[in-house]
Each structure stands twice: as C-alpha cells, then as structure tokens.
Amino acid sequence: MPILGQSLDAKKGSGRFADAFSALVDEACMLAEALLSPQKIIEDVEQMHALQVAADTIEATDPWRADVLRSRASRIGLR
C-alpha cells in the first residue's frame, strides 16, 4: 500500500477514536451533572410517570391521545 494510503487509513482510525473518546467525555460530563444535581432527573421521571398514567387512563376512550402522551413522555429525558 502506498504511504499516502497508509496515512489516510491512520487518519480515519484516529478520527473514529477521537469521536468515541468525545462521546465518552460527553457521557461522563452528563453523569457528573446528574450526580451533582439529581433533582432535575427526579422531576423528569415524575413528569414521565404522570404522562404515562394519564395515557393509561384515556387509552380505552382516546387511543390516539394516549399515544401522543406516551410520545411526549419518551422525549422528556432527551431535552
């Protein structure tokens, strides 16, 4: 393999490593933030639970609305 091709392959590999390391650092920062201030997570879980309970309550009469509530509940932790 020509030297140029070897250096390009090395850059691709190091780029993947850098991406993986960056993702690991992001996750570690999020974990540290969660451990330092758990109240936000508790509030999110309580809100998700309330939406799930509401969805279960109206499932028989309004399944479309129940799906909307469950969808909202599933996105709460992503914001």
Side-chain angles (χ1 to χ4, degrees):
M1 175 182 266
I3 292 176
L4 179 60
Q6 290 175 353
S7 66
L8 289 177
D9 287 343
K11 286 182 182 178
K12 284 181 189 176
S14 66
R16 287 187 209 134
F17 176 76
D19 291 344
F21 187 72
S22 175
L24 178 64
V25 169
D26 290 344
E27 291 293 326
C29 288
M30 290 181 77
L31 175 61
E33 184 180 324
L35 292 173
L36 292 173
S37 105
Q39 188 59 36
K40 181 184 179 322
I41 293 174
I42 293 168
E43 290 169 358
D44 285 351
V45 169
E46 288 173 346
Q47 186 178 6
M48 288 170 28
H49 177 69
L51 288 169
Q52 291 289 349
V53 168
D56 290 343
T57 303
I58 65 169
E59 177 71 35
T61 58
D62 193 356
W64 181 83
R65 180 74 180 142
D67 285 342
V68 169
L69 292 175
R70 286 189 183 100
S71 177
R72 282 182 43 204
S74 71
R75 291 192 205 105
I76 286 177
L78 301 176
R79 47 186 168 119

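In this structure, Leu24 stands alone, with no Ile, Leu, Val, Met, Phe, Trp or Tyr side-chain heavy atom under 4.5 Å from its own, directly or through other members. Through chains of ILVMFWY side-chain contacts below 4.5 Å, Leu35 is grouped with Leu31. In this structure, Met30 stands alone, with no Ile, Leu, Val, Met, Phe, Trp or Tyr side-chain heavy atom under 4.5 Å from its own, directly or through other members.
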Applying side chain to side chain contact (heavy atoms under 4.5 Å, CB included) to Leu51 and Ile76, what does each step give before you reach the verdict? CA-CA 10 Å; Leu51 288 169; Ile76 286 177; 3.6 Å; yes
* Passes side chain to side chain contact (heavy atoms under 4.5 Å, CB included), Glu43 versus Gln47? Steps please. -> CA-CA 6 Å; Glu43 290 169 358; Gln47 186 178 6; over 6 Å; no
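With sequence neighbours excluded, no residue forms a side-chain hydrogen bond (donor to acceptor under 3.5 Å, both in side chains) with Gln52. The side chain to side chain contact (heavy atoms under 4.5 Å, CB included) test applied to Val53 returns His49, Thr57, not counting sequence neighbours. Here Ile58 pairs with Thr61, Arg65, Ala66, Leu69 under the side chain to side chain contact (heavy atoms under 4.5 Å, CB included) rule; sequence neighbours left out. In this structure Ser74 satisfies the side-chain hydrogen bond (donor to acceptor under 3.5 Å, both in side chains) test with no other residue, sequence neighbours excluded. Here Glu27 pairs with nothing under the side chain to side chain contact (heavy atoms under 4.5 Å, CB included) rule; sequence neighbours left out.
Sorted by first and then second residue, the pairs that involve residues 46-62 and meet salt bridge (Lys or Arg N to Asp or Glu O under 4.0 Å), not counting sequence neighbours, are Asp56-Arg70, Glu59-Arg70.
From Lys40, atom NZ reaches atom CD of Glu33 across 8.0 Å, with rounding to the nearest 0.5 Å.
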